[in-house]
Protein chains: 2
Amino acid sequence: MAEVRSEYEKALMEATMPAGKRKVLLAALQLFAKQGFDRTTTAEIAKEAGVSEGLIYKYFKSKDSLLEELSKSFYDQFRNTFLEGVGEYATLDELVTAFMRDRLNFARENFALIRIIGQEVFMNPSFRTAIANVVVNNGHINKYIAEIKAKYPDANPDLNPELLLRGVLGPLFSYALITNLFHLKSDDEDGSLTNLHRQLMLVFKGK
Amino acid sequence: MAEVRSEYEKALMEATMPAGKRKVLLAALQLFAKQGFDRTTTAEIAKEAGVSEGLIYKYFKSKDSLLEELSKSFYDQFRNTFLEGVGEYATLDELVTAFMRDRLNFARENFALIRIIGQEVFMNPSFRTAIANVVVNNGHINKYIAEIKAKYPDANPDLNPELLLRGVLGPLFSYALITNLFHLKSDDEDGSLTNLHRQLMLVFKGK
DNA sequence: GTCTATAAATTGATAGAC
DNA sequence: GTCTATCAATTTATAGAC
């Protein structure tokens with residue numbers, strides 16, 4: 001139950017905006033993650049935020065646009081922190097260790113938003129497009145991949161955004177999802193974290 | 001667009017039940033998978049099935065119970081075909097190859113149901129319990145794991161249901177999900193399937 | 001910046017006829 | 001086995017006052 005405050009929530013606290021708007025965003029984030037977007041009514045959001053229902057529509061043109069504003073901030077967070085400082089490590093092994101820790105931590109800290117987006121991804125094509133844009137059609141990522149190949153001689157020469165998606169982000173986020181959703185212990189007692197590290201190394205190092 | 005007919009649909013065609021009930025189940029399966037459970041109305045289901053709305057409530061006590069009946073059949077399908085014939089192969093490598101193909105095929109064939117359940121898993125605790133029961137608290141699976149350790153000398157002695165969930169099913173179904181959801185090619189042109197095989201071998205073989 | 005009042009439309013579900 | 005008619009409740013969204 002001891003929820004970690006996400007980066008998004010922290011940023012929201014400091015952002016300059018009407019108190020009512022902030023409270024609505026925070027309440028929507030929590031309720032959408034807990035009950036799902038469709039099962040949360042604007043009346044519930046207003047109650048949880050301690051504002052009137054009418055106020056929601058002063059700041060957001062629709063319930064959908066509330067969801068949009070929340071997810072947009074997730075994509076930004078993800079993009080801005082992804083593979084940052086990729087050339088800082090002495091070996092590929094260290095890079096992968098740091099990357100794995102960082103993304104698992106990111107998933108834990110932003111789990112509320114991940115839940116919301118995870119639900120939508122299954123049936124909302126515009127969410128899939130947004131994710132594809134963040135991961136595959138993202139200039140930053142191509143730059144980082146090139147940087148990895150240049151810096152680490154044993155890096156997989158075939159590394160590309162699609163392989164990164166299927167071979168790295170898939171295993172990594174499914175691990176995070178399973179751990180957080182099923183409340184499994186996330187430390188290495190059972191060797192599953194070591195196992196994940198090896199699975200990721202397979203991709204970063206290639207054959 | 002050329003949807004494969006799922007095992008569930010095939011079974012439904014042959015099952016003995018009122019034509020109206022069958023049509024409702026089929027329509028609900030399609031619409032839930034396409035639009036999501038909450039965004040599908042009973043009016044739409046009736047229209048797609050070509051029956052009246054009232055008839056739905058003759059066979060199902062609520063919209064929720066319709067979803068329940070659909071997902072229950074998924075769990076049964078999954079359980080009944082999981083790790084079947086696990087001792088038939090000459091080597092662990094062959095077992096993993098066959099297992100991987102079989103589950104990717106299963107995911108493709110039952111993708112409509114996977115989509116529906118995938119959505120629910122994020123916010124419906126009863127769905128998480130059901131999945132945990134199918135994968136972790138399933139007598140069959142423990143039996144198969146024991147069989148693997150007995151038959152293949154190089155099998156990972158630490159293999160257990162939880163490691164299977166995080167180390168095998170996670171990477172495998174995230175691969176299937178990404179491939180099917182983003183319409184990526186699923187064959188091995190880019191080596192991602194070979195990569196998946198290696199990642200799974202890491203778990204089955206251990207260190 | 002925020003609230004009250006309200007409407008228009010939709011939705012899940014039921015009763016009873018055929 | 002299937003349909004018609006109908007309802008009660010909910011839900012998003014708006015207009016205008018304070």
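Protein chains get the first letters and strands the later ones, always in sequence-line order, with residue 1 at the start of each.
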Checklist entry - Toward the 5' end of DNA chain D, which comes first, Glu53(A) or Lys58(A), by nearest nucleotide? => result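 Looking at DNA chain D, the more 5' nearest nucleotide goes with Glu53(A).
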Item to check | Thr42(B) vs dT11(C): side-chain N/O to OP1/OP2 distance below 4.0 Å | outcome: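 No, outside the criterion.
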Roughly, in whole Å, what's the span from [atom1] in [X] to [atom2] in [N]?
| X | N | atom1 | atom2 | value |
| --- | --- | --- | --- | --- |
| Lys61(A) | dA13(D) | NZ | C1' | 12 Å |
| Met17(A) | dG1(C) | CE | P | 11 Å |
| Leu66(A) | dT11(D) | CG | C1' | 15 Å |
| Glu44(B) | dT10(C) | CD | P | 12 Å |
| Arg39(A) | dT12(D) | CZ | P | 14 Å |
| Tyr57(B) | dC7(D) | OH | P | 17 Å |
| Phe37(B) | dT11(C) | CZ | C1' | 12 Å |
| Ile56(B) | dT14(C) | CD1 | P | 13 Å |

Among [options], the one nearest [X] by side-chain distance:
| X | options | answer |
| --- | --- | --- |
| Thr41(A) | dG12(C), dA13(D), dT11(D) | dT11(D) |
| Leu55(B) | dA13(D), dG12(C), dT2(D) | dT2(D) |
| Pro18(B) | dG1(D), dC3(D), dT14(C) | dG1(D) |
| Ala19(A) | dA13(C), dT2(C), dG12(C) | dT2(C) |

Next on the checklist: Does any part of the side chain of Ser73(A), heavy atoms only, come nearer than 4.5 Å to the side chain of Leu113(A), both counted from C-beta?
Outcome noted: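 Yes. Closest side-chain heavy atoms under 4.5 Å.
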Checklist entry - Do Pro171(A) and Gln199(B) have side-chain heavy atoms sitting under 4.5 Å apart? => result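 Yes; the side chains approach each other to less than 4.5 Å.
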Next on the checklist: Just by distance, no angles: are the side chains of Thr42(B) and Glu53(B) close enough, under 3.5 Å, to form a donor-acceptor pair?
Outcome noted: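 The criterion, which ignores hydrogens and geometry beyond distance, is satisfied for Glu53(B) and Thr42(B).
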Next on the checklist: Quick check with a 6.0 Å cut-off and a 45 degree axis cone: is Lys63(B) positioned over the face of Phe37(B)'s six-membered ring?
Outcome noted: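 Yes.
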Checklist entry - In this structure, which one of Leu159(B), Val203(B), Val96(B) forms a side chain to side chain contact (heavy atoms under 4.5 Å, CB included) with Val168(B)? => result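 Of Leu159(B), Val203(B), Val96(B), side chain to side chain contact (heavy atoms under 4.5 Å, CB included) with Val168(B) is met by Val203(B) alone.
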Checklist entry - When all nucleic acid strands are considered with a 4.0 Å heavy-atom cut-off, which category describes Tyr59(A): base, sugar-phosphate, or nothing? => result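 Contact class for Tyr59(A): sugar-phosphate only.
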